[in-house]
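Notes follow once the structure below has been shown.
Chain letters run A, B, ... following the sequence lines, proteins first, then strands; residues in each count from 1.
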Amino acid sequence: MSDADVKTWFSQNIEGCLDSLYGLAMRLTRNGADAEDLVSESVAKAWSAIGTLDERDRFRPWLFRILHNCYISDYRKKSVRPVAYSYDDFSEEGEEDDITALLIKQSADFLTWWGNPEREFANKLLREDILSAIEKLPEAFRVAVLLVNAEGLSYDEAAEVLGVPPGTIRSRMKRGRTLLQKALWEHALEAGLVTGNEMKGYKP
Amino acid sequence: MKSGNDKPGIEEIDCMEAINGLYAYLDGEMKDPETLAKFEHHLEHCQSCYSRTQLETALGQLINKSAKDTAPEKLQTRLKKLIQGL
């Protein structure tokens, strides 16, 4: 492939990933101008590192990894966001059984709240509610949830982006989703979407 | 809760095991056919885990839909210029 062909291929693939790149950059920086700068910087770095892309069908996770690394090195310091949960309160070091037990315990109350009728609560949530809950997640969990749930990456691909083992992604997805449910419930109470009586005994 | 087994050959799993595998199932990471069959068999017989799966699916769809953004036109223009100049 000639240099011109490589550039055309690169340009087309960037175009195909652009909304996803911008979305992830927005969720990371929470600022439109910073997100645009982060995407631009990542694209420039990706081009300069194009020779390191071994498998072309891995372009997307490879590009996400570059963007994530750019964010960590250049943007994270100035990104100010509310953190609802201490990382220590919900560290990655907990036993698998503990998180599973929490998921089971949460299930009964959560279903009572959400499931009667099943979609009522979901219908009341606005995009802003969901984004606000996502933004409250500790970064490690937030990025995993975004890559897998929003961008449809496999655990292997998300692991490649973040430079961690796939098992860590599996663990972060569990904890991230549990925290997200907690944040949504607290938001629902604050916003008056639910009264709280639906969930007597709910202690996330 | 153990599900009733009306499919000979499929080993039953309990709710603890099902919830433990729920996210792998939802994320398309439950690749072992035997594990998948056990999980789906449990869902067919356990209302609680079935409802939980529905709930998590709905939440996943909301996250997916909510986290989508469209890159602004000025960013698209900026990147076109950037790539042309590379």
Let me know if [X] has heavy atoms under 4.5 Å from chain A in its side chain, its backbone, both or neither.
X: B:Ile63; answer: both
X: B:Leu75; answer: both
X: B:Gln76; answer: both

B:Glu29 (side chain) donor-acceptor with A:Tyr155 (main chain) under 3.5 angstrom:
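Judged by distance alone, yes, a pair lies under 3.5 Å.
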For the pair B:Lys80 (side chain) and A:Ser11 (backbone), establish whether a donor and an acceptor sit closer than 3.5 Å, ignoring hydrogens and angles.
no
Distance under 6.0 Å and angle within 45° of the ring axis: does A:Arg177 meet both against B:Tyr23?
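Output yes; distance and angle both within limits.
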Identify each donor-acceptor pair in which a side-chain atom of residues 15-24 of chain A lies under 3.5 Å from a protein atom, sequence neighbours left out, and give them as a table.
residue: A:Asp19; atom: OD1; partner: B:Ala71; partner atom: N; Å: 2.9
residue: A:Ser20; atom: OG; partner: A:Arg60; partner atom: NH2; Å: 3.2
residue: A:Ser20; atom: OG; partner: A:Glu151; partner atom: OE1; Å: 2.6

Side chains of [X] and [Y], heavy atoms from C-beta outward: is any pair under 4.5 Å?
X: B:Glu56; Y: A:Gln181; value: yes
X: B:Lys65; Y: A:Arg127; value: no
X: B:Asp27; Y: A:Arg170; value: no
X: A:Phe10; Y: B:Leu86; value: yes

Identify the two heavy atoms, one from B:Arg78 and one from A:Ser40, that lie closest to each other, and give their separation to 0.1 Å.
NE-OG, 3.0 Å
Between B:Ala67 and A:Leu146, the two heavy atoms sitting closest are CB-CD2, 3.9 Å
From [X] atom [atom1] to [Y] atom [atom2], the distance as rounded to the nearest 0.5 Å:
X: B:Lys74; Y: A:Glu36; atom1: NZ; atom2: CD; answer: 4.5 Å
X: A:Asp129; Y: B:Ser66; atom1: CG; atom2: OG; answer: 8.5 Å
X: B:Asp69; Y: A:Leu131; atom1: CG; atom2: CG; answer: 7.5 Å

Assess whether side chain to side chain contact (heavy atoms under 4.5 Å, CB included) is satisfied between A:Asn149 and B:Leu59, documenting all intermediate values.
CA-CA 10 Å; A:Asn149 208 319; B:Leu59 189 55; over 6 Å; no
